[in-house]
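Worth knowing before you read on, the calculation uses all heavy atoms, side chains too, and leaves out hydrogens, waters and symmetry mates.
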Amino acid sequence: MKVVIIGGVAGGATAAARIRRLDESAEIHVFERSGYVSYANCGLPYYIGGVITDPEELTLQTPESFWKRFRIHMHVCHEVTAIHPERKSVTVKNLETGESFEESYDKLLLSPGAKPIVPDFHGPKPGAVFTLRTVEDTFRIRSFAEEKRPRSAVLAGGGFISLELAENLRRMGMEVTIVQKLDHLLNPLDYDMASFLHGKMRSMGVRLILERAVTGLSAENDSIKVEVEDHAPLTADMVILAIGVRPDTSLAKDAGLALGAGGSIIVNSRMETSIPDIYAAGDAVQIRHRVTGKDTRIALAGPANKQGRIAADNICGGDSHYEGAQGTSIIKIFDMTFAVTGLNEQAAQAAKISYDKVYLSPSSHASYYPGARTMTMKVLFEKGSLKLLGAQIAGFDGVDKRIDVLAAAIYAGLSASALKDLDLAYAPPYASAKDPVNMAGYLIENLAQGRVKQIFWDQLKDLPYDGSALLLDVRTPAEYEKSHMEGFVNVPLDELRDHLSDLDPSKPVYVLCQSGLRSYLACRILMQHGFDCSHIAGGYLLCQSVFADRAPAQKHRPCGMETAQPADSAQTIS
């Protein structure tokens with residue numbers, strides 16, 4: 001059997017090695033148009049910033065190592081320019097010599113990946129404008145940074161690559177501006193969770209221009225003039241276009257393969273395309289979303305590796321099936337970590353799913369053990385069925401552990417309330433006896449059983465501030481005086497029972513605390529004394545992050561908040 005693979009990196013290289021492990025006699029040819037057949041794509045920004053110092057660490061395998069270990073023909077700097085399904089061959093161009101030739105196949109695997117989206121700006125493109133997708137791109141950016149010593153950079157786009165680059169360029173001492181068309185960075189996050197990311201980026205000196213797009217680039221002396229819609233032009237020494245990627249499927253289209261979402265290649269669960277003996281894997285294929293069941297594209301290394309392995313199994317006569325992905329991903333931004341899995345609110349709304357959500361802000365491990373830090377978690381679930389839909393976490397230590405547990409729970413089809421029953425490892429340096437994932441399950445169970453009602457940060461503007469409702473802040477007097485929400489009266493939780501007679505039970509009550517725990521406890525007290533009580537999910541911590549992000553210039557008085565009031569102006573019942 002002769003197998004031809006178009007493209008290396010995650011899907012293609014994984015498939016090639018798997019085919020050899022299954023079939024020692026197969027003749028395997030991989031054609032990769034770049035100079036590197038298997039490299040750590042996700043590590044590229046860290047080489048630019050000097051975190052990874054040896055360029056050879058980026059290349060996981062070389063043509064020589066593949067041949068020595070697997071007897072696989074790895075052809076770098078070779079581009080497949082046409083597929084001929086009718087005669088089961090491909091046309092290949094040697095990019096170093098210009099020679100073209102035809103290579104036959106019994107089985108063909110397409111793993112072309114995706115290519116950066118580059119807007120068609122009018123006029124000639126200035127020289128110091130880059131994209132980052134390949135090792136060669138990385139070397140070009142690194143060489144430019146070392147030789148020209150740029151002092152400023154504009155990044156168009158706010159996805160994973162852009163954020164990692166922003167951190168690494170700041171590490172090199174550059175002034176960095178991110179221009180993002182959406183109202184928040186990192187699209188898999190919801191806006192409220194992204195507000196923590198925005199705060200971190202700004203605190204590290206990264207300028208954010210949101211809800212704007214780069215509309216043009218032009219040379220201006222030794223710099224680049226960057227045109228931005230509804231904004232004054234920017235000037236930078238270098239520009240990196242990280243707007244996003246699209247599946248690189250021109251070959252597939254020309255060969256007559258069926259295409260789906262966004263021009264991606266349609267495959268079945270065996271990674272078979274619409275033409276017999278042609279398979280596809282990686283960023284260029286359409287897959288099934290595990291939560292919604294709908295067709296989608298998810299350009300991540302984990303799914304690409306799995307798809308390559310499954311395609312290899314079936315090429316070798318097996319019967320393996322790809323069950324889809326849910327977009328589990330994680331990113332380090334300076335000293336913080338952000339992670340997601342499953343659906344965010346926008347995706348749940350697009351899928352017409354009736355959902356609810358909980359927020360919590362637990363410690364990364366036992367609070368009495370040194371080094372514990374707060375993380376903020378958001379978990380979405382379907383109303384009624386309590387089916388887990390997705391989760392997002394912003395924090396420091398322990399984020400990776402919790403997102404993986406939640407991802408596994410979604411994959412396994414656990415109900416949201418079942419999170420409380422998971423038997424998770426505990427020791428003070430690593431977790432609490434009630435792990436944050438368990439705590440999410442307790443919250444959801446309490447909601448489902450009617451033990452608490454909640455409202456969210458975006459509903460605060462609709463509260464009655466005319467005295468027809470009781471607005472209570474149950475934090476300590478010190479916390480309240482330091483900063484509090486306008487209109488909320490301070491009744492510390494531990495003193496609440498002593499002041500029940502001061503409260504009007506005919507009025508609805510809305511309760512706020514720092515993270516949502518004390519407000520829940522307050523509501524349990526009030527509800528059992530006949531009050532109609534709702535607590536503010538996520539607490540002051542979430543509200544402060546969102547409101548500060550919406551008014552970044554008002555650092556000392558975020559929208560809807562009073563900060564550091566004199567004691568005699570604070571409203572406290574005591």
Side-chain angles (χ1 to χ4, degrees), residues 34 41-51 113-187 197-198 200-202 204-246 248 299 331 333-334:
S34 77
N41 189 291
C42 298
L44 301 183
Y46 298 101
Y47 175 72
I48 292 171
V51 177
K115 57 185 178 182
I117 296 172
V118 179
D120 186 18
F121 298 128
H122 296 295
K125 187 173 72 173
V129 177
F130 305 91
T131 59
L132 179 57
R133 187 67 180 172
T134 67
V135 175
E136 289 90 343
D137 294 336
T138 307
F139 291 160
R140 280 192 288 270
I141 297 172
R142 175 75 177 261
S143 296
F144 179 84
E146 290 178 341
E147 294 170 9
K148 302 297 184 181
R149 301 291 179 184
R151 293 174 296 176
S152 60
V154 169
L155 307 181
F160 288 95
I161 290 293
S162 180
L163 299 184
E164 291 168 344
L165 271 172
E167 175 183 348
N168 282 280
L169 295 180
R170 282 295 294 152
R171 190 190 308 279
M172 298 169 72
M174 291 190 210
E175 296 178 1
V176 177
T177 300
I178 296 177
V179 182
Q180 166 77 326
K181 178 67 173 177
L182 302 176
D183 67 352
H184 67 279
L185 302 176
L186 208 61
N187 195 36
L197 171 57
H198 298 169
K200 172 54 65 174
M201 298 297 276
R202 290 184 175 118
M204 300 305 293
V206 178
R207 182 187 181 192
L208 305 181
I209 300 177
L210 303 176
E211 299 184 88
R212 301 289 187 272
V214 172
T215 57
L217 302 171
S218 60
E220 188 174 80
N221 300 322
D222 293 330
S223 300
I224 301 172
K225 182 179 180 181
V226 183
E227 300 286 349
V228 180
E229 65 176 339
D230 299 324
H231 194 280
L234 307 174
T235 301
D237 296 325
M238 66 184 298
V239 172
I240 300 176
L241 301 176
I243 297 168
V245 297
R246 60 168 57 97
D248 190 358
I331 185 171
I333 300 296
F334 297 101

Student: Do I48 and L132 have side chains that get closer than 4.5 Å, going by heavy atoms?
Tutor: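 When only atoms from C-beta onward are counted, L132 and I48 do touch, with a gap below 4.5 Å.
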Student: Any non-hydrogen side-chain atom of D137 less than 4.5 Å from a side-chain atom of L44?
Tutor: no
Student: Can you find a pair of side-chain heavy atoms, one from D237 and one from K148, that are under 4.5 Å apart?
Tutor: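 The answer is no, as the side chains (C-beta and beyond) never meet within the 4.5 Å cut-off.
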Student: Which heavy atom of A145 sits nearest a heavy atom of M172, and at what distance?
Tutor: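 In terms of heavy atoms, the two residues are closest at CB-CE, 3.4 Å.
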Student: With no hydrogens and no angle check, is any side-chain donor or acceptor of S223 less than 3.5 Å from a backbone partner on A219?
Tutor: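 Between the backbone of A219 and the side chain of S223 there is no qualifying donor-acceptor contact (under 3.5 Å).
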Student: Which heavy atom of E146 sits nearest to which heavy atom of R142, and what is that distance?
Tutor: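 Closest heavy-atom pair between E146 and R142: OE2-NE, 2.7 Å.
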Student: Mind listing the closest non-hydrogen atom pair of M201 and A166 along with its distance?
Tutor: CE-CB, 3.8 Å
Student: Tell me the salt bridge (Lys or Arg N to Asp or Glu O under 4.0 Å) pairs involving residues 212-227, sequence neighbours left out?
Tutor: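 For residues 212-227, and leaving out neighbouring residues, the salt bridge (Lys or Arg N to Asp or Glu O under 4.0 Å) pairs sorted by first residue read K225-E227.
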Student: Is any side-chain heavy atom of L217 closer than 4.5 Å to a side-chain heavy atom of V226?
Tutor: yes
Student: Using the side chain to side chain contact (heavy atoms under 4.5 Å, CB included) rule, take D230 and E211 through it: C-alpha gap first, then chi angles, then the decisive distance, then the call.
Tutor: CA-CA 10 Å; D230 299 324; E211 299 184 88; over 6 Å; no
Student: Please name the residue in the list V51, I161, L169 that meets the side chain to side chain contact (heavy atoms under 4.5 Å, CB included) test with P45.
Tutor: I161
Student: Apply the test side chain to side chain contact (heavy atoms under 4.5 Å, CB included) to residues R133 and D248: give CA-CA distance (whole Å), side-chain angles for both, the deciding distance (0.1 Å), then the verdict.
Tutor: CA-CA 12 Å; R133 187 67 180 172; D248 190 358; over 6 Å; no
Student: Using 0.5 Å steps for rounding, measure from the CG atom of L185 to the CZ atom of F160.
Tutor: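 If we round to the nearest 0.5 Å, L185:CG and F160:CZ are 11.5 Å apart.
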Student: Is any side-chain heavy atom of V135 less than 4.5 Å from a side-chain heavy atom of Y47?
Tutor: no
Student: Within the 4.5 Å heavy-atom criterion, are P119 and I243 side-chain neighbours or not?
Tutor: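 A side-chain contact under 4.5 Å exists here.
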Student: Quick one, L234 with I209, criterion side chain to side chain contact (heavy atoms under 4.5 Å, CB included). Give me CA distance, side-chain angles, the key distance, then yes/no.
Tutor: CA-CA 11 Å; L234 307 174; I209 300 177; 3.8 Å; yes
Student: Using side-chain heavy atoms (C-beta onward) and a distance below 4.5 Å, is K115 in contact with T131?
Tutor: no
Student: Compare all side-chain heavy atoms of L197 with those of L163 and state whether any distance is below 4.5 angstrom.
Tutor: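 Yes, their side chains come closer than 4.5 Å.
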Student: Only pairs under 3.5 Å count here: list side-chain donor-acceptor contacts from residues 173-180, not counting sequence neighbours, and write none if there are none.
Tutor:
from	atom 1	to	atom 2	distance (Å)
Q180	OE1	G158	N	3.0
Q180	NE2	H184	O	3.1

Student: What is the minimum heavy-atom distance between H198 and D183, and which atoms define it?
Tutor: CE1-O, 3.9 Å
Student: So, taking the atom named CZ in F130 and the one named CZ in R140, what distance separates them when rounded to the nearest 0.5 Å?
Tutor: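 If we round to the nearest 0.5 Å, F130:CZ and R140:CZ are 8.5 Å apart.
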Student: Show every side-chain hydrogen bond (donor to acceptor under 3.5 Å, both in side chains) that has at least one partner inside residues 150-173, sequence neighbours left out.
Tutor: E167-R171, E167-K332
